[in-house]
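The next block holds one structure in the form of structure tokens; read it before the comments.
In listed order, ligands and their atoms are each counted from 1. The residues of the chain are indexed from 1 along the displayed sequence.
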Amino acid sequence: MADAGDLNLSLTPLAVVVTTPAYSGLGPALTYVHDRPLEPGTLVRVPLGKRELLGLVWEAPGLSLEGLEPGQARAVLQVFDAIPPLNAAWRGLASFAARYYQRSLGEVALAALPPQLRDLQAEQLARKLKRLAKAAAGNPKTQGRQVNQAADSEPQMPESLSVGDTKAGPELSPEQAIALQRFQAADRPALLFGTTGSGKTEIYLRAVQELLEQDPQAQALIMVPEINLTPQLEARFMERFARWGVVSLHSGLTPAQRLDHWLAAHQGRARIVLGTRMAIFASLPQLRLIVVDEEHDPSYKSQEGARYSARDLAVYRAKRESQGRSPAHCRVLLGSATPSLESWRAAEIGRYLKLEMPQRIGGGALPRLRLVNMNHQPKQCVLAPALLESIAERAARGEQSMLLLNRRGYAPVLACHACGWKSDCPHCSAHAVFHKIDRTLRCHHCGYSSRVPYACPGCGNLDIAPVGRGTEQLEEQLVGLLAHARRADGEPIRVLRLDADSTRAKGSLEQQLAGMHEGEFDVLVGTQMIAKGHDFRRITLVASVNADGGLFASDYRAPERLFALLLQAAGRAGRDADFVASQGAAVELWVQTWYPEHPLFAALVQHDYPAFATQQLEEREAALMPPYSFQALVRAEARTQEAAQALLNLAAQAGEPLPGREHLTLYPAVPMAIQRVANVERAQMLIESDSRPALQAFLAAWQEQLQLARSQPEAKGVLRWAIDVDPLAI
Ligand code: ADP
Ligand code: ZN
Ligand code: ZN
């Protein structure tokens, strides 16, 4: 080995970002050396301690080896030079996300890469890419195309579909044409406020098509809340844009698929990426359009690691991609029938361009709201008699109904009326849910599962009974209640249940949805997953069995979420205007409630989202809630609740002199709503400010205090803490 002192003379120092814990004290990047300069964004493998890690070369102006002991900076082990570096816009996105969401750069940047890349040697990747290139060259028709397939298999393409084929879409309605035209001319983010069934998806498809036709390099990113729930949408994109290369990015892919799809986007072979929130970090060197479908959906907010909002990052990313070019170089389109109040307000004050499509395609009417006053129904009734009758009548005419209940399992809890025993999870401050199908008690928070006891564990009473109702029970009761009724073909009515339990097996959701589309079933029962995005053609009735939980929840966003859910669910009904007309059907949304006078329903009757939003925003403004203030939540987990709270309170005291503090309110630490999960105690502290910069400055400086507080005796037993900026639930 040559003397390290000599070596340094001919070596270039490099800043390399690796995965380091959020608060490791190691700083944003580590210094390594290499025998030649490497461009920022280059992927490398570097040593750290005894390990070998994937790293990203980062810009570090003025970095030198001065001040370092000779040999202290270790050498880069491998350079992934078979792929281009991640570009400046991508790096800008990663460092913004790290800063804004208060995480380390390494944690954000490396987590944004496909996990398989971490285990790959540079030469393995090079070989893989050669194989891919060869496969594509061997078959000219597959050039630039990458489909949903396992790694390394040669892309297949039907012979009939030659390069240049595009399945054309329908002619746009006048409303769609205007919206699209205004979007194409927009100089800022656009909010497409379109009623359910107004043809928003068609706008996305057309915007993508026009862009890709006009710019032979351009790439588009389409984000959806949950891809598995909407196989139809994926199919529409795949079908229409096969020739341009469409890949998906979501957590349902195998690691090999995820790497393949990521590479296709990074190398520009795929020009369209369709994905869930993680896709916001896809490397798209020619990105010129981002669409966020159902932009209000809470699943865009990550609930682990860096708690980013993919919707908000989409807006940032579009701006960043346009930097130094025309402001419209990369456009962003947020679409929803019930926009988030944040986006709605941004559109109201002109920060976003508001595009409206109030009409349904085909002129179909929106469902009429029928409130069922549960105070006037027979005692103990599950479904109002009139609702049952309406479902039966529809089934007899070949129409379908959909019933929404936001609780899976058979019953939320089992109880003994003799001694008061309840089926609590032994590890969480929550009930274990009764699942009758396999006679288990399951905790939906920690995964604990046990057999249903034969007798009450408290007193031996044999008569333990379910309390409350979940989808399993609703399905069972519905079958009983409709036993007398018949379908159009004289057969008994068929009920399908769709929830996280019934769709666990791979492909089962698609299969069950297909059955629904083909009219095999008459009634669909499920959790909110059935309310999302599906283009059902024969549903004419949607019912919410018990929505009241959302009316009085302590979470200030609960009404917004309930309103969105009900309107979205209602949007599944009457989507095919011709079918409705030929049936002479009454398209209806039934809501069973004990509080029919609640103001939320007044706006719902009118399908008047703007009125609802205005009223909610007034309340938020009066209470200085977001979007009129900015929030962060710090959560601590510990062996004891006292320790978790102590950490937060100690750090709050220590944070008094920090920058921005005078613009902030720090509330005392409190237990989280579900205080204990998997035997870990959880506490949280809310921080509020009317100034985003002040909040940001404070949080950045405060992390050190949080970390220091861990070593205080009062905080003994603290396991971790994490900051959530712009939390969705407090
Ligand atoms: P949204 O996303 O707003 O709920 P979709 O884009 O799913 O609405 O459109 C609803 C239905 O109308 C779909 O079946 C779609 O294929 C159809 N559709 C959309 N635009 C048109 C159009 N211009 N002409 C005919 N049908 C259309
Ligand atoms: Zn008992
Ligand atoms: Zn549990």
Side-chain angles (χ1 to χ4, degrees), residues 167-180 192-207 222 224-225 230 232-233 235-237 239-240 291-295 333 335-339 355-364 366 413-433 440-450 453-465 517 531-539 567-580 674-680 682:
K167 217 173 153 280
E171 194 182 327
L172 293 184
S173 71
E175 228 179 56
Q176 284 174 317
I178 292 171
L180 182 61
L192 177 59
F193 169 50
T195 244
T196 50
S198 62
K200 293 186 290 296
T201 312
E202 198 54 47
I203 298 284
Y204 309 152
L205 289 160
R206 215 54 77 90
I222 318 299
V224 293
T230 48
Q232 259 181 326
L233 182 75
R236 266 168 95 179
F237 271 87
E239 171 185 69
R240 194 135 0 139
V291 172
V292 185
D293 187 25
E294 308 291 3
E295 66 89 30
L333 179 59
S336 176
T338 49
L355 309 169
E356 296 185 70
M357 299 205 300
Q359 310 276 341
R360 288 189 131 180
I361 292 291
L366 284 164
V413 60
L414 279 187
C416 167
H417 294 292
C419 75
W421 172 86
K422 284 199 172 76
S423 62
D424 289 329
C425 171
H427 310 297
C428 305
S429 51
H431 299 310
V433 175
T440 55
L441 290 171
R442 282 190 240 155
C443 174
H444 292 178
H445 301 282
C446 73
Y448 162 84
S449 166
S450 73
Y454 171 71
C456 170
C459 70
N461 176 13
L462 292 179
D463 197 18
I464 45 178
H517 286 294
K532 291 190 180 184
H534 304 288
D535 192 18
F536 294 115
R537 310 307 287 175
R538 292 193 220 190
I539 289 183
L567 262 199
Q568 204 170 21
R572 298 316 108 206
R575 294 178 71 83
D576 188 337
D578 292 342
F579 177 72
V580 170
I674 295 174
Q675 165 173 347
R676 188 167 53 99
V677 169
N679 292 322
V680 170
R682 315 182 316 159

Closest to atom 4 (O) of ligand 1 among protein heavy atoms sits Gly197 N, 2.8 Å
Any salt bridge linking Lys200 with Glu294? Criterion: basic side-chain nitrogen under 4.0 Å from a carboxylate oxygen. no
Tell me, with the steps shown, if Arg676 and His445 meet side chain to side chain contact (heavy atoms under 4.5 Å, CB included).
CA-CA 10 Å; Arg676 188 167 53 99; His445 301 282; over 6 Å; no
Original post:
Are Asp535 and Arg575 within salt-bridge range, i.e. N to O under 4.0 Å?
Top reply: yes
So SG of Cys428 and CG of Asn679: to nearest 0.5 Å the spacing works out to 7.5 Å
Looking only at protein heavy atoms, what sits closest to atom 13 (C) of ligand 1 is Asp535 OD2, 3.2 Å
Quiz item: Given Asn461 and Trp421, is the side chain to side chain contact (heavy atoms under 4.5 Å, CB included) satisfied, shown in steps?
Solution: CA-CA 10 Å; Asn461 176 13; Trp421 172 86; over 6 Å; no
The Zn ion (ligand 3) contact by His445, N, O or S atom under 2.8 Å = no
The SG(Cys443)-the Zn ion (ligand 3)-SG(Cys446) angle, to 10°, is 110°
Near Glu171 (heavy-atom distance under 4.0 Å), the atoms of ligand 1 are 22 (C), 23 (N), 24 (N)
Here the atoms of ligand 1 under 4.0 Å from any heavy atom belonging to Leu172 are 23 (N)
Checking only N/O/S atoms, does His427 have one that is under 2.8 Å from the Zn ion (ligand 3)? no
The protein heavy atom nearest to atom 20 (N) of ligand 1 is Gln176 NE2, 3.0 Å
Note: Ala337 and Phe193 closest approach over all heavy atoms is O-CE1, 3.2 Å
Ile203 near ligand 1 by a heavy-atom separation under 4.0 Å | no
- Query: What do you reckon, does Arg575 put a non-hydrogen atom under 4.0 Å from ligand 1?
  - Reply: yes
At under 4.0 Å between heavy atoms, what of Arg537 touches ligand 1? The answer is side chain
Go through it in stages, so that I can follow the logic: the residues are Ser449 and Cys443, the test is side chain to side chain contact (heavy atoms under 4.5 Å, CB included), and I'd like the CA-CA distance, side-chain angles, deciding distance and then a yes or no.
CA-CA 6 Å; Ser449 166; Cys443 174; over 6 Å; no
Report task. Check whether any N or O atom of Ile361, backbone or side chain, sits under 3.5 Å from an N or O atom of ligand 1, and answer yes or no. Result -> no
message = Less than 4.5 Å apart, side chain to side chain, heavy atoms only: is that true for Leu441 and Leu414?
response = yes
re atom 8 (O) of ligand 1, the protein heavy-atom contact at minimum distance is Gly199 N, 3.1 Å
Heavy-atom nearest pair, Cys416 first then Ile464, reads CB-CG2, 3.7 Å
Taken in chain and number order and not counting sequence neighbours, the residues that satisfy side chain to side chain contact (heavy atoms under 4.5 Å, CB included) with Pro358 are Glu175, Glu356
Atom 2 (O) of ligand 1 has as its nearest protein heavy atom Thr201 OG1, 2.9 Å
Heavy-atom distance under 4.5 Å between the side chains of His431 and His444, does that happen here? no
Per-atom filter on ligand 1: closer than 4.0 angstrom to a heavy atom of Thr195 are 3 (O)
Shortest non-hydrogen pair, Ala179 vs Ile203, comes out as CB-CD1, 4.3 Å
- Query: Is the closest side-chain heavy-atom distance between Gln359 and Thr195 below 4.5 Å?
  - Reply: no
All heavy atoms of Leu192 vs all of Tyr204, minimum pair found to be CD2-CE2, 4.1 Å
Minimal heavy-atom distance between Gln176 and Gly199, with the atoms involved, is NE2-O, 3.0 Å
For the Zn ion (ligand 2) the protein N, O or S atom count under 2.8 Å stands at 4
Any heavy atom of Arg236 under 4.0 Å from ligand 1? The part involved is side chain
Logged contact type for Ser173 with ligand 1, heavy-atom cut-off 4.0 Å, is backbone
So, 4.0 Å and heavy atoms of Gly194: is ligand 1 close enough to count as a contact? no
N/O/S atom of His444 inside 2.8 Å of the Zn ion (ligand 3), strictly under: no
Here the pair of heavy atoms bringing Ile361 nearest to Ala577 is O-CB, 4.4 Å
In this structure, atom 25 (C) of ligand 1 is nearest to the protein heavy atom Pro170 CB, 3.7 Å
